[in-house]
4 protein chains.
Amino acid sequence: MSLREKKAARKKEDILRSASLVIARNGYQNATMEDIAAELLMTKGSLYYYFKNKEELLYECHELILSGAMERLEALFLENLSSKEKMQKAIKIHVDLVIKEKEVFNLIGKPEQIFSEENIWKVLQKRDEYAGIFDKIINEGVAEGEFVIHQKKMARMIILGAANWVQVWYSPEGKYTKEEVEEIYAEYLLKILM
Amino acid sequence: MSLREKKAARKKEDILRSASLVIARNGYQNATMEDIAAELLMTKGSLYYYFKNKEELLYECHELILSGAMERLEALFLENLSSKEKMQKAIKIHVDLVIKEKEVFNLIGKPEQIFSEENIWKVLQKRDEYAGIFDKIINEGVAEGEFVIHQKKMARMIILGAANWVQVWYSPEGKYTKEEVEEIYAEYLLKILM
Amino acid sequence: MSLREKKAARKKEDILRSASLVIARNGYQNATMEDIAAELLMTKGSLYYYFKNKEELLYECHELILSGAMERLEALFLENLSSKEKMQKAIKIHVDLVIKEKEVFNLIGKPEQIFSEENIWKVLQKRDEYAGIFDKIINEGVAEGEFVIHQKKMARMIILGAANWVQVWYSPEGKYTKEEVEEIYAEYLLKILM
Amino acid sequence: MSLREKKAARKKEDILRSASLVIARNGYQNATMEDIAAELLMTKGSLYYYFKNKEELLYECHELILSGAMERLEALFLENLSSKEKMQKAIKIHVDLVIKEKEVFNLIGKPEQIFSEENIWKVLQKRDEYAGIFDKIINEGVAEGEFVIHQKKMARMIILGAANWVQVWYSPEGKYTKEEVEEIYAEYLLKILM
DNA sequence: AATGAATGAGAATTCATTCAT
DNA sequence: CATGAATGAATTCTCATTCAT
């Protein structure tokens with residue numbers, strides 16, 4: 001990758017980060033290309049130099065954020081952890097993600113309303129991969145007798161669903177710090193698996 | 001209430017029901033007044049006879065659905081039930097609601113993006129009242145020693161959050177019936193309180 | 001057709017007429033929806049009440065103009081005319097059309113640059129039908145020995161092509177009146193068929 | 001002309017040739033500077049080193065193509081040909097040009113929609129010069145008794161107009177070769193002058 | 001000479017909302 | 001009451017053009 005290309009790649013990431021921010025603030029539909037550009041002190045025209053259209057921009061946001069989170073999750077398998085510990089850490093990572101990326105993450109919920117044919121299945125696939133990591137932890141835990149649960153998929157849905165909701169009520173000015181929330185969620189949600 | 005008023009009130013409810021449907025299908029932003037009217041074989045102009053504007057229409061949808069659910073929840077206190085039983089039934093009612101009203105219910109999540117100043121606090125208030133019923137059950141359960149939990153609010157958030165997420169993945173064509181989902185959720189989520 | 005519908009149909013025609021005018025003046029690509037609306041003292045938003053989009057609007061322009069001309073051409077077959085006379089009258093009608101509708105007519109030339117998949121073949125079809133009337137006159141004339149020509153299609157192309165070009169140079173302020181042009185074209189182009 | 005200048009001049013011609021191609025394919029308005037540059041494996045920014053703007057580029061296309069054609073036409077006067085022969089050859093040259101340069105040539109039709117004040121009259125002038133060659137052949141033919149025609153200008157309009165239209169329908173995959181079309185057009189159009 | 005990047009002035013289109021009838 | 005019609009503000013996207021490097 002040449003210097004030029006590196007620079008361009010960095011710029012693209014900058015844009016994605018700003019976009020995430022604006023989208024998190026206003027919601028996807030309410031975030032206009034103008035808003036996103038303004039955040040970067042650019043003009044909206046310039047965004048189209050880097051991204052073919054708004055959907056593409058969003059798609060790459062989604063990709064960036066989810067990929068980052070997946071890396072963190074996968075790293076858990078390199079450490080020497082019990083399934084319980086793995087799941088607790090995974091929950092914390094997920095809550096962290098949800099709080100930091102708010103809206104962008106939330107849109108995972110109803111991609112059909114946002115993405116077109118060509119992207120939708122890639123989005124769903126990525127989401128499945130992401131969820132798959134949690135499934136893997138649950139399966140391992142069950143296999144090793146650490147977890148006792150029959151409806152494994154359902155348990156995963158509950159865990160991720162509960163954590164996603166944090167986005168809705170959490171505020172840094174609130175009663176709990178992010179770390180406390182992570183801690184409590186990790187503890188309580190683990191109960192479901194026991 | 002005169003006959004005329006009664007008729008109007010019934011019409012209003014019809015509209016709200018159609019609106020819920022369309023919004024659940026397409027999402028709030030994607031549901032146009034035209035779509036909503038079309039569902040009722042009306043023209044969009046007519047909607048404005050009954051509702052001041054789109055926000056108002058949505059607000060009343062929200063009101064209608066939540067009020068209905070609250071009635072059902074409150075009825076639980078008239079029966080002679082243990083806290084566990086109450087919570088299980090409450091969860092089932094909530095999951096039922098979430099599945100049936102999908103999007104409309106979901107928008108509870110980010111009212112700031114949709115409602116204006118004047119409505120927002122009323123919406124938040126209603127939501128608090130709704131959540132308050134779950135809090136009440138939890139509090140009673142703790143007082144009576146049925147539940148063992150310290151972070152009571154957080155537990156309630158987890159329960160409602162997890163249940164809200166059902167909206168995202170549930171499909172009537174899927175592996176589980178609505179009743180099975182309700183059953184499993186009620187069972188698993190109760191673990192959090194024990 | 002109810003009164004309402006008649007009114008709407010008339011309005012649609014008004015719009016088409018204005019659109020033709022503006023398109024004739026500026027060319028299709030340069031004629032903005034705003035321009036077209038302004039000509040009618042409307043706002044561009046209103047145009048979308050009557051036409052789904054710009055292409056649709058243009059398509060109907062095309063349809064209207066060509067249909068009108070075809071009626072006039074077909075009427076020739078009801079009169080008792082020799083093929084020569086028919087062709088002369090047909091040429092006059094065509095020149096009249098070309099002068100009056102300038103650009104709108106011209107765009108027939110390269111519909112691929114303007115119309116999308118769904119409309120293009122309808123446009124081509126219509127164009128073929130139109131040209132078919134000239135073919136019919138030629139064929140009859142040849143059958144009856146009035147015309148002597150081997151490459152019949154080519155002759156028709158020459159006649160219509162030559163007449164289409166009038167659009168480019170004709171000006172009401174110029175040396176010839178419309179009627180004179182029609183007369184001379186009818187006379188000279190007939191030579192090709194003899 | 002220095003070596004540098006020669007190189008630049010050659011590059012300019014390359015660009016013009018590519019531009020002609022792209023414009024012929026897509027039409028002037030649809031041909032973006034990007035498209036034209038891409039055809040040459042350049043970036044659009046570079047085009048502005050050679051041409052002031054898009055109009056200028058088009059203007060020079062026009063100039064190049066018409067000048068080339070005029071040279072070929074003028075060469076006819078150096079041969080020892082009858083007026084009939086001259087006109088037939090001229091028609092063939094023109095048809096050849098029309099087929100090869102399609103769109104670029106066609107835009108001669110409505111220069112007002114494309115060129116600005118400063119260029120328009122130069123364009124019109126060039127066009128008149130071009131047409132003037134045909135007029136000259138006609139005048140000579142009439143003077144020498146080879147042609148019999150009163151409305152000489154009109155006859156020229158018919159001849160050029162008919163030939164211009166070839167652009168619209170001709171396809172190399174069609175029934176006739178370019179040479180056959182030229183032959184037939186030359187033969188039939190000559191009838192007008194007799 | 002060439003290019004990557006940015007810009008800004010439109011253009012088409014959508015849609016909540018209004019209003020006369 | 002209901003509707004057809006009109007509006008205008010907002011939004012996405014396009015592209016010729018510019019300019020620092």
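Letters A, B, ... are given to chains in the order of the sequence lines, protein chains preceding strands, and every chain is numbered from 1.
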Contacts of Tyr50(B) and Ala31(A) projected onto DNA chain F by closest heavy atom; the upstream (5') one is Tyr50(B)
How close or far is atom C1' of dA12(E) from atom CG of Asn53(A), stated in whole angstroms? 16 Å
Looking at Tyr49(C), I'd like to know whether one of its side-chain N or O atoms comes within less than 4.0 Å of OP1 or OP2 on dA6(F). no
Would you mind telling me which of dG8(F), dG4(F), dC13(F) lies closest to the side-chain atoms of Thr43(C)? dG8(F)
Does Arg10(B) offer a backbone N or O that forms a donor-acceptor pair with the side chain of Glu13(B) under 3.5 Å? no
Could you tell me which nucleotide pairs with dA20(F) by Watson-Crick or G-U wobble geometry, both distances under 3.5 Å, or answer none if nothing does? dT3(E)
Would you mind reading off the distance between Leu47(D) atom CG and dA1(E) atom C1', rounded to a whole angstrom? 13 Å
On DNA chain F, nearest-nucleotide positions of Gly45(B) versus Gly45(A): which is more 5'? Gly45(B)
Length of the CD-P vector between Glu5(A) and dT3(E), whole Å: 15 Å
Is there a side-chain contact between Tyr48(C) and the phosphate of dT14(E), meaning an N or O under 4.0 Å from OP1 or OP2? no
Does Glu63(D) pair with Lys122(D) as a salt bridge, N-O distance under 4.0 Å? no
Minimum-distance nucleotide (side-chain atoms of Lys44(B) versus dA6(F), dA2(F), dA6(E)): dA6(F)
Assign Ser46(A) to base, sugar-phosphate, or nothing according to its heavy-atom contacts below 4.0 angstrom with the strands shown. base
Strictly by Watson-Crick or wobble contacts shorter than 3.5 Å, is anything paired with dT12(F), and which nucleotide is it? dA11(E)
For a 4.5 angstrom cut-off between non-hydrogen side-chain atoms, does Leu124(B) reach Phe115(B)? no
Expressed as a whole number of angstroms, how long is the span from Leu41(D):CG to dT3(E):P? 10 Å
Spacing of Lys12(D) atom NZ relative to dA1(E) atom C1', expressed in whole Å: 15 Å
Could Lys54(A) and Tyr28(A) be counted as a cation-pi pair, given that NZ or CZ must be under 6.0 Å from the ring centre and within 45° of the axis? yes
Tell me which of Glu55(C) and Ala8(A) sits closer to the 5' end of DNA chain E, going by the nucleotide each one is nearest to. Ala8(A)
Gln113(C) side chain vs Asn30(D) backbone, donor-acceptor pair below 3.5 Å: no
The side chain of Lys11(A) is closest to which nucleotide in this list: dT17(F), dA6(F), dA6(E)? dA6(E)
Closest nucleotide among dT17(E), dT7(F), dA12(E) to the Thr32(C) side chain: dA12(E)
Report the distance from atom CZ of Arg10(C) to atom P of dA5(F), rounded to the nearest whole Å. 13 Å
Can you figure out which of dA2(F), dA5(F), dA12(E) approaches the side chain of Met33(C) most closely? dA12(E)
Can a salt bridge be assigned to the pair Glu39(B) and Arg17(B) using a cut-off of 4.0 Å between side-chain N and carboxylate O? no
To the nearest Å, give me how far apart CZ (Phe51(D)) and C1' (dA1(E)) are. 15 Å
Spacing between Lys7(A) atom NZ and dG4(E) atom C1', to the nearest angstrom: 10 Å
